[in-house]
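Please read the structure below before turning to the comments.
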Amino acid sequence: MTDYLQAVFDMLGPAESRYADPAAWLRLEQELGRELPTDYKAIVDAYAPVQLNGHLGLSSHPACAWRELGEEIRSTSGIWAESLWESYDLEPDEDPRVICNRPQITFGTPDGLISLASTDQGAAIFLAQRSTAFPTVWWFRGQRGIGPATS
């Protein structure tokens, strides 16, 4: 069985682990009202803040004063909450309300979407509550919609 976390570490090289701090993660998770994926925390601890391969941004860490992850999540959640994403012409397999089996989607709440990372092309990667149809991590493609990470 493939150890995907180790494969990511092998691909990215030696970790700097500049801000590894379990207490900072605990504070953030208490603030968010939910746990974040263990593998995500391991990668952020090892490398963030960083832009990987010139595209994927892990721009914050919960223990980094100048790039604090909780502030980044709050800011991104506010932007998405005020955006007009609901007016996009979404197919059912792209609509987060259908995918998450919820009449409404919120951002930055315990049962809503939590922003985990972004790209230099404007895409955002979100954590959603597990649904029976798809895995936990979802992505947003510009103005097109939200779909499963396995697409």
Side-chain angles (χ1 to χ4, degrees), residues 4-5 7-8 12 17-151:
Y4 293 105
L5 180 59
V8 169
L12 296 177
S17 300
R18 296 172 285 185
Y19 300 104
D21 180 0
W25 285 109
L26 181 61
R27 285 190 302 273
L28 176 58
E29 290 173 329
Q30 288 173 340
E31 177 186 332
L32 295 173
R34 65 194 289 186
E35 289 184 32
L36 296 171
T38 303
D39 288 356
Y40 170 76
K41 293 188 292 187
I43 293 168
V44 169
D45 271 346
Y47 301 102
V50 67
Q51 188 174 30
L52 301 172
N53 197 30
H55 299 288
L56 178 64
L58 298 174
S59 60
S60 307
H61 190 285
C64 178
W66 62 278
R67 299 293 299 230
E68 201 272 319
L69 184 57
E71 178 55 36
E72 181 89 7
I73 290 171
R74 285 187 296 279
S75 174
T76 303
S77 296
I79 291 167
W80 279 99
E82 294 175 11
S83 75
L84 300 175
W85 71 270
E86 291 176 288
S87 66
Y88 301 160
D89 186 22
L90 303 175
E91 296 295 325
D93 65 341
E94 297 175 320
D95 191 328
R97 294 163 292 200
V98 174
I99 294 167
C100 296
N101 195 28
R102 298 188 189 292
Q104 274 189 299
I105 294 294
T106 58
F107 294 90
T109 63
D111 64 341
L113 300 178
I114 303 290
S115 174
L116 297 180
S118 62
T119 73
D120 64 331
Q121 298 174 351
I125 300 169
F126 294 98
L127 173 71
Q129 288 288 359
R130 183 171 297 281
S131 83
T132 57
F134 297 108
T136 305
V137 177
W138 306 86
W139 56 272
F140 189 91
R141 296 182 293 165
Q143 295 188 358
R144 182 109 197 274
I146 296 179
T150 56
S151 290

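For this chain, numbers begin at 1 and follow the sequence in order. Quick caveat, the model's predicted, so the values are computed rather than measured.
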Taking all non-hydrogen atoms of both residues, which atom of [X] and which atom of [Y] are closest, and how far apart?
X	Y	answer
Ala42	Leu5	CB-CD2, 4.0 Å
Pro110	Gly33	CB-O, 3.7 Å
Ala48	Tyr19	O-CD1, 3.7 Å
Ser60	Val44	O-CG1, 3.6 Å

Query raised in the report: Of Ile114, Leu69, Leu127, which meets side-chain contact (heavy atoms from CB on, under 4.5 Å) against Leu32?
Result: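 Option passing the side-chain contact (heavy atoms from CB on, under 4.5 Å) with Leu32: Ile114.
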Which pairs with one or both residues in [range] pass salt bridge (Lys or Arg N to Asp or Glu O under 4.0 Å), sequence neighbours excluded?
range	value
residues 54-69	Glu68-Arg74
residues 35-62	Glu29-Lys41
residues 18-28	Glu16-Arg18
residues 115-126	none

Using side chain to side chain contact (heavy atoms under 4.5 Å, CB included) as the criterion, list what pairs up with [X], not counting sequence neighbours.
X	result
Arg97	Trp85, Glu86, Leu90, Asp95, Ile105
Leu52	Leu12, Val50, Leu56, Leu58
Ala7	none

Query raised in the report: Which residues satisfy the side chain to side chain donor-acceptor pair (under 3.5 Å) test with Thr106, sequence neighbours excluded?
Result: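 Only Thr109 meet the side chain to side chain donor-acceptor pair (under 3.5 Å) criterion with Thr106.
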Query raised in the report: How long is the gap from CD1 on Ile125 to OG on Ser118, to the nearest 0.5 Å?
Result: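 That separation rounds to 8.0 Å.
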**Report entry** Separation of Glu31 CD from Ile73 CD1 (nearest 0.5 Å)
**Finding:**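 Ile73 atom CD1 to Glu31 atom CD measures 8.0 Å (nearest 0.5 Å).
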Query raised in the report: Within the side chain of Ser75, is there an N or O that forms a donor-acceptor pair under 3.5 Å with the backbone of Glu71?
Result: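 Here the side-chain-to-backbone pair does not exist.
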Report task. Any pair with a residue in residues 32-57 that passes ring-ring contact (aromatic ring centres under 6.0 Å, His included), sequence neighbours left out, goes on the list, sorted by first then second residue, please. Result ->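 As it turns out, the ring-ring contact (aromatic ring centres under 6.0 Å, His included) pairs with a partner in residues 32-57, which skip direct neighbours, are Phe9-Tyr47.
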Report task. For the pair Trp25 and His61, name the ring-plane relationship: parallel under 30°, tilted 30 to 60°, perpendicular over 60°. Result ->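 Because their plane-to-plane angle is over 60°, the rings of Trp25 and His61 count as perpendicular.
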